[in-house]
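To find a chain, count down the sequence lines: A is the first, B the second, and so on, and within it residues start at 1.
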Amino acid sequence: MKNPKIIGQSIPRLDGVSKVTGSALYTDDLKFPGMLHGALTRSPIAHGTIKRIDTSRAKGLAGVKDVIIGEDTPKIKFGNWRLVPESQDELPLAVDKVRFVGDEVAAVCALDRETALKAAAMVDVEYEELPNIFSVEDATAEGASLIHEESKGNVSLVRKIDYGDPEEMFAKAYYVREDNFKVHAVSPAYLEPCSSIAVPEEGGRIALYTSTQTPYIVQCLLAQTLGIPENHVRVMKVAVGGGFGGKMELRPWEFCASFMALRTGRPVKFTFTREDELAFGRRRHPMSIYSKVAFSKEGKLLAKDFQVMLDGGAYNAMGPTATFLCGTFGNMLYNFPAYRYFGRHVYTNKPPASAMRGFGAPQAAFAAETQLNIAAEELGIDPIDIRLINAMQTGDVIPEVATIRSCGFKESLTKIREVSGWDKKRKEKKPGSGLGIGCFSFISGGVFNWFNTKYNFSAAEVRVFEDGTAQLHTMACDIGQGVDTVMRQILAAELGIGIEKIRLISMDTVNSPKADLGSWGSRVTLMNGNAVIDAARKIKDMIIPVLFGELDLNQIHDIAFEDDRVFVKANPKKGMDFGEAVYKALRGRRGEPLSACGFYTPRNKGLVSPAFSFGSQVAEVEVDEETGLIEVKQMYTAHDCGVAINLMSVEGQLEGAIQMGLGYTLMEDFKQDSLGRTLNTGFLDYKMPAAEDMPPSEYTEIHTFEEEGPFGAKEAGEGLAIPTAPAISHAVFEATGYRCMDLPVTPEKVLRATGKLED
Amino acid sequence: MAKQEIELVVNGDHYFVAVEPHRTLVEVLREDLNLTGTKVGCGEGDCGACTVLLGGRSISSCLTLAVECHQKEITTIEGLTTSPDDLHPIQQAFLEKGAVQCGFCTPGMIMSTQNLLNQNGEPSEEQIRQGLSGNLCRCTGYTKIVDAVQLAADRMVTQKED
Amino acid sequence: MDLPRFEHHQPKMTEELLELLAAHSDSAKIVAGGTDLLLKMRAGMMNPEHLISINQVEALHRIDYDDSKGLVIGGAARINDVGQQPDVRRYYPGLTYACDVMATVQVRNMATVAGNLANAAPSADCAAPLLVHDTELVLAQSGSTRQVKLHEYFTGPGMTIMEPREIIASILVPPVPERCGSTYLRLSARSKVDIVAVSVAGLLTLGASGEITTARVALAAVAPIPMLVPQASEMLVGQKPSEPLFAEVAAVVKEASKPIDDVRATAAYRRGMVEVLTRRVLAECLAKAEGGDK
């Protein structure tokens, strides 16, 4: 199938000029007349009941305009799983209990930020402390105190998958092994700290400018917690400085800003600091993982028993989704005749873990891929060969989940073997150096509807005008990944007009058709792209009849849209400019504008996702045997994302994913004291990779065509966050003999394992 | 404390402002002068989003007192070009090479690039990476940023030779 | 957090500066780059009523080198300016390296070498390379000055012998003799852009017959203060350099270190690395001394 030429081009992002000149407006760049500044009072303790709150001192401070506590609010709990109301466990402001250091207890707004901060510190709260629980093991122990009364054993959600007969397989298998893995929490560390401004509008309505990846979800949950109609909330377009999963829920300050804006009649802004983000912000789930696998002598996977406890912190946040997906990521890459997953989402008194790039997959894959590498070693099979033996391919079924319609996994393995010089380098291995491999698969958006939207998953409206231009309305949200550009490429391709002809109105919940679930789970290119195509085709259906009438065409003809023209496919000279065609259609419609809405909801696509991306990554490292310092010399990636709509954007996603993956593997880690307070709350000591830390990286695209995706595209940005940790830690094993079972890999762990460090 | 009258020369424009001594340069740029291109990513001099040039050299404007900048020349991202149709070579290179994703680190990254190229017009890849040591990016993995700096350097050298 | 309130002074002459400091010494802080001070003030660790800037005092910005007197670094000289100075690059490779890699470009453009010392962080990057050169500090106060050895300057984390009314007016680094090699190695266990977890500097001078005539090893980030290790000098001076000797010295230096666990590295790792880095530092110093490089 031949795609229009704009598909696959590396078009510079269309918001790029505003970003390189500093004119792009992020939330904190905005101010409004009369705007007040908000601040939060947070719990200083990890677990306790609130005995008494006294706001009188804060209220008495000059310049303070409002102080609110939980009791002042409607006390409506929220959470993204509206379909399961009992999972909605979070209040905008705590009422009875606090559950982590940082839990929101009160909010204030004042004439300036400094006064607001001062007032927030003057809210007197008396707590009665409860026992702190900081690990999933302690949380699930007999007699552990309950963080949420309703959740027995501190488990808020259980997910099970069970097919085949694992026990039978384990009994008859040639090779069986069991391992325990631990992975740690990391921060999404988007560069833009969260910021929100609520502007009161007439009739008790709210306009909210907010750094979010999910405008529609914020709209719905904000309305729910305020107790006002959904349509009273308008979420407005701003530039968003990254999200990575950390900005996909309603946040307490979005409620507080709106609630106080309605009370005071003035705009209220909250802007947070890096310290707030690192100390209290969302994180990737730490997990304790038990995995048991069975193989035949030839290296064929027979069964897996995968048991995972997710350390969810104080609230569910996106933990239920991560718990669900983690199980599916445990068996997405390879064919398992028998598979059992037992996933538990566990509460602890730590800042809530939530979605973060990969959504349960980086953790699952670290365990699964590491274990596969161990097995390959022990079975005497090359790690790439053992993957080829078991790899999913087109047409394979993930049992009880989906049939895979496009899969370039095996091709990626073959390619990575070649480009990395795998065989040669392994044969001529030098001491202190090594190659390691990790693979991944990821979803292109979820088919699940736990949010329980009554609308389609994605929607778009296209309007076309007689001057040859078009307007695209969508709630899709560009958080840096480049969706605003990709959606215009898709529309330009479908209508055959220049991309510069398209005005985009995005991320505005009143000016676009409902709905869009937001930028997460790698859903936007496929789902919103399909909605754009649907709308564009409806527009074409309004234009095509005009040509048939105007040019007196036989109905056997077909019409093409290309190069800003509309013409007869068999005779391109016969046609007219796109604008002229719109003009004629307008005349024919007696002035009724040409506009159409398009929608996409995955239907009959199983339980998880309509399409799956695949890929392989090899890391080459050198380890200083005396210091244990690990230098990643080179990364190689072969990646099947279907058709890349914008190759430069896809490469950018990959390169960024390696930064995040490398940080996850080698340097990022939270340190906490015995009272549950985070110790590294700045980038000085929450270390993520700088330019000097990044290795060179080579990228190969594996070409497949995904029938379900727009122009053959599927997921590209998120799956790449998965393979880096297993690949690097495998390479470190090859270089040193140290096999990491508990991330991160540190020089000290290497030296201890190799006997180079006493005491 | 009493406000001090200071004169800031920002992008060639003279601003006369009264500021309290505790206010940082980035606060005054963003809040008083409405130059919001300069960003705050950490407020602790670690991320580089607030980088501006002071007397031609890159500094963290979140750790600089505004009163210390009295009568000093300051260049911010808004000062690199006067028109979006006529981008500075660094801006143009960032755009073309895909060095921009979320864009929040971009102004600081570009100002650090300017600082680097002021001192070393033909930096090696290693020198570029070192020159960006004070600027964190979470989106790009720096690859395309390094490419963009290289491209900008090449073009600026050529421009000079022309 | 916003900064607490203070009064700000920007004197232009040294004497004016010292008088201001004397007048407010119980409640004043000197600000140069401000890269440490402002962070501490924001964190509530310091709350001075007066900030006295030394940045406008022209005389304090000097960086001068003279073959007979050595290097003079003014109290307000920026780290990047020091690191870029050709004589510094030629004669003081350890200091050059510290000035090239510590913190970030922006911080090095703002912060001063004197501030790095006066701040007295155990991990001060400039400290170890200056210690091995037998550096002295000129401490000035209104009406008087005194000269002290850098190795006697630090008294604890964030603490020095300096009186509240004193400033570091200049840093005096002696000239480097023939057949002298010096170097500085630093290690961060996480990122290349990081506060140092272990730093070791060394200096060796060789005599006519190849024996060691001067030797110094200094450490930072592995004890409450940056420090010289006198035992190392004692073991090395008068000996012929050799790998086994360096290994013995490294083992002793390791024992002299008193590191702690923190978020950057554990004490055990630091101790181990003191030994590794000391060996490497001494080998590098020897190579440089033998190569005729200063």
Side-chain angles (χ1 to χ4, degrees), chain A residues 10 12-13 15-26 28-31 188-193 239-244 271 273-275 277 478-482 646 648-649 651-660 662-663 682-686 688-694 696-697, chain B residues 30-31 34-47 49 76-81 83-85 87-88 90-110 125-126 128-146:
Chain A
S10 289
R13 50 185 311 129
D15 58 2
V17 172
S18 69
K19 286 177 172 174
V20 299
T21 56
S23 62
L25 293 174
Y26 299 79
D28 190 51
D29 300 337
L30 304 175
K31 39 176 144 170
Y190 34 74
L191 257 278
E192 181 208 14
V240 177
F244 311 112
T271 294
T273 63
R274 184 58 50 186
E275 190 179 352
E277 290 286 356
D478 198 325
I479 52 175
Q481 84 280 42
N646 187 323
M648 187 160 75
S649 283
E651 286 170 1
Q653 288 295 312
L654 163 75
E655 290 152 4
I658 292 177
Q659 191 266 8
M660 209 173 264
L662 188 118
F683 282 143
L684 193 62
D685 278 316
Y686 182 87
M688 63 182 197
E692 285 176 80
D693 295 313
M694 291 301 297
S697 147
Chain B
R30 288 179 56 81
E31 293 162 17
N34 283 322
L35 293 170
T36 54
T38 304
K39 304 299 181 204
V40 179
C42 73
E44 298 181 330
D46 297 316
C47 80
T76 69
I77 187 69
E78 290 92 346
L80 284 195
T81 181
S83 157
D85 297 326
L87 296 178
H88 185 283
I90 301 174
Q91 293 171 319
Q92 185 65 34
F94 269 62
L95 184 66
E96 281 174 34
K97 283 287 177 184
V100 180
Q101 287 188 32
C102 88
F104 202 76
C105 76
T106 306
M109 205 61 89
I110 288 176
E125 182 184 333
E126 195 187 349
I128 292 171
R129 289 182 183 274
Q130 289 166 352
L132 300 177
S133 67
N135 293 78
L136 293 173
C137 171
R138 192 55 149 175
C139 297
T140 66
Y142 308 98
T143 311
K144 297 195 186 303
I145 293 175
V146 173

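For the pair B:Thr143/A:Met694, no side-chain contact is recorded, criterion being any heavy-atom separation below 4.5 Å from C-beta on. In this structure, A:Val17 and B:Gln91 have side chains that are not in contact, with every pair of non-hydrogen atoms separated by 4.5 Å or more.
Only the side chain of B:Asn34 comes within contact range of chain A, judged by heavy atoms closer than 4.5 Å. With a 4.5 Å cut-off on non-hydrogen atoms, A:Thr21 touches chain B through its backbone and its side chain both. Using a 4.5 Å cut-off between heavy atoms, B:Thr140 touches chain A through its backbone atoms (N, CA, C, O) alone. For B:Phe104, the parts sitting under 4.5 Å from any heavy atom of chain A are the backbone and the side chain alike. In this structure, the portion of A:Ile479 lying under 4.5 Å from any heavy atom of chain B is its backbone and not its side chain. Within the 4.5 angstrom heavy-atom criterion, atoms from both the backbone and the side chain of B:Leu95 approach chain A.
Summarising the geometry, atom CD belonging to A:Glu192 is positioned 12.0 Å from atom SG belonging to B:Cys47; distances are rounded to the nearest 0.5 Å. Atom CE of A:Met688 and atom CG of B:Asp46 lie 10.0 Å apart (nearest 0.5 Å). Expressed to the nearest 0.5 Å, how far SG of B:Cys105 lies from NZ of A:Lys19 amounts to 10.0 Å.
Note: A:Ala690 leads A:Gly16, A:Ala690, A:Pro12 in heavy-atom pairs under 4.5 Å with chain B. The residue among B:Ile145, B:Leu136, B:Thr106 with the most heavy atom pairs within less than 4.5 Å of chain A is B:Leu136. If you tally non-hydrogen atom pairs under 4.5 Å between each of B:Leu80, B:Thr36, B:Asn135 and chain A, the highest count goes to B:Thr36. Comparing B:Lys97, B:Gln130, B:Glu126 by heavy-atom pairs within less than 4.5 Å of chain A, the highest count is held by B:Gln130. When each of B:Gly45, B:Gly131, B:Cys137, B:Gly134 is scored by its heavy-atom pairs under 4.5 Å with chain A, the top score falls to B:Cys137. Ranked by heavy-atom pairs under 4.5 Å with chain B, the list A:Gly682, A:Ala189, A:Ala691 is led by A:Ala691. Between chain A and the options B:Gln92, B:Glu96, B:Arg30, heavy-atom pairs under 4.5 Å are most frequent for B:Arg30. Chain A forms more heavy-atom pairs under 4.5 Å with one residue of B:Pro107, B:Cys42, B:Gly79, B:Gly43 than with any other, namely B:Cys42. Chosen from A:Ser18, A:Pro188, A:Gly243, the residue pairing most often with chain B at heavy-atom distances under 4.5 Å is A:Pro188.
Although no hydrogens or angles enter the test, the distance criterion places a donor-acceptor pair under 3.5 Å between the side chain of A:Lys31 and the main chain of B:Glu31. Side-chain N or O atoms of A:Arg274 include one that pairs as donor or acceptor with a backbone N or O of B:Gly41 at under 3.5 Å.
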Verdict with supporting geometry, A:Gln653 and B:Gln101, side chain to side chain contact (heavy atoms under 4.5 Å, CB included): CA-CA 9 Å; A:Gln653 288 295 312; B:Gln101 287 188 32; 3.4 Å; yes

Criterion side chain to side chain contact (heavy atoms under 4.5 Å, CB included) on A:Glu692 and B:Leu132, from CA distance to verdict: CA-CA 8 Å; A:Glu692 285 176 80; B:Leu132 300 177; over 6 Å; no

Intermediate values then yes/no, side chain to side chain contact (heavy atoms under 4.5 Å, CB included), B:Glu44 and A:Phe683: CA-CA 8 Å; B:Glu44 298 181 330; A:Phe683 282 143; over 6 Å; no

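Under a 4.0 Å N-O distance rule, the pair B:Lys39/A:Asp28 does not qualify as a salt bridge. A salt bridge between A:Asp693 and B:Arg129 is absent, with no side-chain N of the basic residue lying under 4.0 Å from a carboxylate O of the acidic one.
The shortest non-hydrogen separation linking A:Val20 to B:Val100 is CG1-CG2, 3.7 Å. Closest of all the heavy-atom pairs between B:Val40 and A:Pro193 is O-CD, 3.6 Å.
Contacts of B:Lys144 classified as salt bridge (charged side-chain N to carboxylate O under 4.0 Å, His left out), with partners at least two apart in sequence or in another chain: A:Glu651, A:Glu655. Remark: A:Tyr686 engages A:Phe670 in a ring-ring contact (aromatic ring centres under 6.0 Å, His included) (not counting sequence neighbours).
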